Amino acid sequence: MKLPTKWSGLNLRIRVSIVMLVLILTLAVIASILSPYSSDQIGVGETLLTPSFAHPFGLDSFGRDQLTRVTEGALLSFFIGFTVMSISLIVGIPIGILSAFKGGLIDNGLSRFLDLLFAFPSLLLALVLVAVIGSGFWTALLALTIIYIPIASRFIRGAAISERDRDYVSAAKVNGASTFRICFKHILPNIAFSLLVLGTNIFAFAILAEAALSYLGVGAKPPTPSLGKILTENQGFITTSSHLVIIPALTLSFLVLALNLLGDGLRDHLDPRKTLKDSKMSDR
Amino acid sequence: MSKNTQQLLEILDLSIRFTGTGKALAVDHVNLKILRGQAIGIVGESGSGKSTLGFAIAGLLNRNEVEIEGSIFFENEDLLQIESEKFQRIRGSKIGYIFQDAASSLNPLLTIGNQLIQPLMANNGEKKDAARKIAQELLAMVEIPEPKKRFNQYPHELSGGMKQRVVIAAALARSPMLLIADEPTTALDVTVQAQIIDLLLRLKQSLSMSLVFISHDIGIVSRIADCIAVMRNGKILEYGPVRQVLQEPSEEYTKMLLANIPKLKYTTKSTTHSFWGDHD
């Protein structure tokens, strides 16, 4: 179960997704560096201008350059996905592993609390949280983190439980290893591959959830160029200037598709039962 | 409590009950004494409680899932009463454990060297270089060919017998006074089985440690143990020196076990047959 270092050793989905992600990131970075406009600069030209050479994605109803806004929105989405993924993993790993390893009351208490959180649809929970702490970009980020921490913890707990009962953990125990050592030197490295897949999925879902929150008006506030926000702002013009809606929507889909492909590809790639088949079917 | 210095382990009236739905009584009022340097064989069919007994001595039972009564004295200290940190120290320095499945008792992501070095550094406070040296000596001690090369290999690159040798080396790393071997040869083929048994016998003598050898195979146990305990349904049915148990078994069950040791049907030259048929 080693990560291959060769490009050709990866399956098609992983390769495609990496190309997509690199493409979108490079384009976004280049565009935001080269763009002569800032994302909230209004009236750089005629409002609702159709795409032209100077403004490849056109201008929105305030006369803001749409290319700058969409690329910055994509980068923002990346930031959100990455932050939510990192925090939920950093918090979820100790919770999940300790609860799996300690068992008993700690595990029961944590699990029932997580059950409670799972009883609410996650977007509804985010809406409630935002309603309590007030809307805004950072509170949306906080709400998403709070939603994904239990999901990550639950997943990690499950993965750790299946490792916990393996003989090498007992062997480490007899050899006098401390609980900390067993959890983080033995169990964690052995579930790291599943965490990679989990992380990618959280990344994609967090981007979607943030877009949804912004679209509903409880996420980023104008003029922050969140992709969800851009969609709400422009949906009134969908019949007359459809590119204003289609382009950010496509960008969002492209991003999430790439991440989902990556997660899917990684899952197949790291599944030990598929190793044999993979060498034969790697190009499917 | 005995003040006998010859005595390493004494199990007094030990009962272990699993608290799950079945409430199965896995170990039923067991008494057992192990002297220093003595090898005890525990024989029994699956479900007889022999592994649970081994787990209890090594403290591997989850106290949330079992009820334990009685006491296990190790060097005159009751392992069931002392706090877990002290138990962890005793476990790390004085008790070694060998599991049935060598493949799963090695961490698949650590090299052979690291499997041995890490406990040495954690328990004995050895420096990395010293630990590396000890680990290589251990690999040589369990008669692994090319120990230097194996040192940097991963468990999946080794054969079953090799892995079991590494597991034995890991168990011996802190020169334990008691080594519990839980069916160490069951997953191996017969020739490797014999090698591992010989190795364990030699190591037991040269390191003068006590050995608890758990197996379902009375034939194998009789080769390594000084005394045999026959277990069934959590009880020790019969206990005595190997010779006595083998030659004058007092229990019907022991007689049955002995009768079930497989014997080769064809042993003399006149009765051997060619695989391809007999064409003289």
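Numbers restart at 1 for each chain; the letters A, B, ... are given by sequence-line order, proteins then strands. All of these numbers come straight from a predicted model, not from anything done at the bench.
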Q) Taking all non-hydrogen atoms of both residues, which atom of His186(A) and which atom of Leu110(B) are closest, and how far apart? A) CE1-CD1, 4.0 Å

Q) When rounded to the nearest 0.5 angstrom, what is the spacing between OG1 in Thr179(A) and CD in Gln88(B)? A) 6.0 Å

**Q.** Exceeds 12 heavy-atom contacts within 6.0 angstrom, atom CZ of Phe151(B)
**A.** yes

(Q) So for Ala170(B), is it side chain, backbone, both, or neither that comes closer than 4.5 Å to the heavy atoms of chain A? (A) both

Q: Please report the C-alpha distance between Asp167(A) and Ser105(B) in whole Å, then the side-chain angles of each, then the deciding distance to 0.1 Å, and finally whether the side chain to side chain donor-acceptor pair (under 3.5 Å) criterion is met.
A: CA-CA 4 Å; Asp167(A) 277 350; Ser105(B) 56; 5.4 Å; no

Q) For Ile98(B), is it the side chain, the backbone, both or neither that has a heavy atom under 4.5 Å from a heavy atom of chain A? A) neither

Q.
To check you understand the geometry: which heavy-atom pair defines the closest contact between Asn190(A) and Pro108(B), and what is its length?
A. OD1-CG, 3.3 Å

Q) Given that the side chain runs from C-beta out, which part of Tyr97(B) has a heavy atom under 4.5 Å from chain A: side chain, backbone, both or neither? A) both

Q) Is the number of heavy atoms from other residues, nucleotides or ligands under 6.0 Å of Phe118(A) CZ greater than 12? A) yes

Q: Could you pull out the closest heavy-atom pair between Arg91(B) and Lys173(A), with the gap in Å?
A: NE-O, 3.4 Å

Q | Pair Ser170(A)-Phe99(B), side-chain contact (heavy atoms from CB on, under 4.5 Å): steps then yes or no | A | CA-CA 9 Å; Ser170(A) 305; Phe99(B) 292 88; 3.4 Å; yes

**Q.** Euclidean distance, Tyr168(A) OH relative to Asp101(B) CG, rounded to 0.5 Å
**A.** 13.0 Å

Q: Give a yes or no on this: more than 12 heavy atoms of other residues, nucleotides or ligands lie within 6.0 Å of atom CG of Leu116(A).
A: yes

Q | Greater than 12 external heavy atoms within 6.0 Å of Phe113(A)'s CZ | A | no

Q) Nearest 0.5 Å, what's the CZ-CG distance between Arg166(A) and Leu106(B)? A) 11.0 Å

Q. Would you find more than 12 non-hydrogen atoms of other residues, nucleotides or ligands less than 6.0 Å from Lys204(B) atom NZ?
A. yes

Q. What are the two closest non-hydrogen atoms of Leu60(B) and Val174(A), and how far apart are they?
A. CD1-CG2, 3.7 Å

Q. Between CG of Leu109(B) and CG of Leu188(A), what distance do you get to the nearest 0.5 Å?
A. 10.5 Å

Q. Is it true that atom CD of Glu137(B) has more than 12 heavy atoms of other residues, nucleotides or ligands lying nearer than 6.0 Å?
A. yes

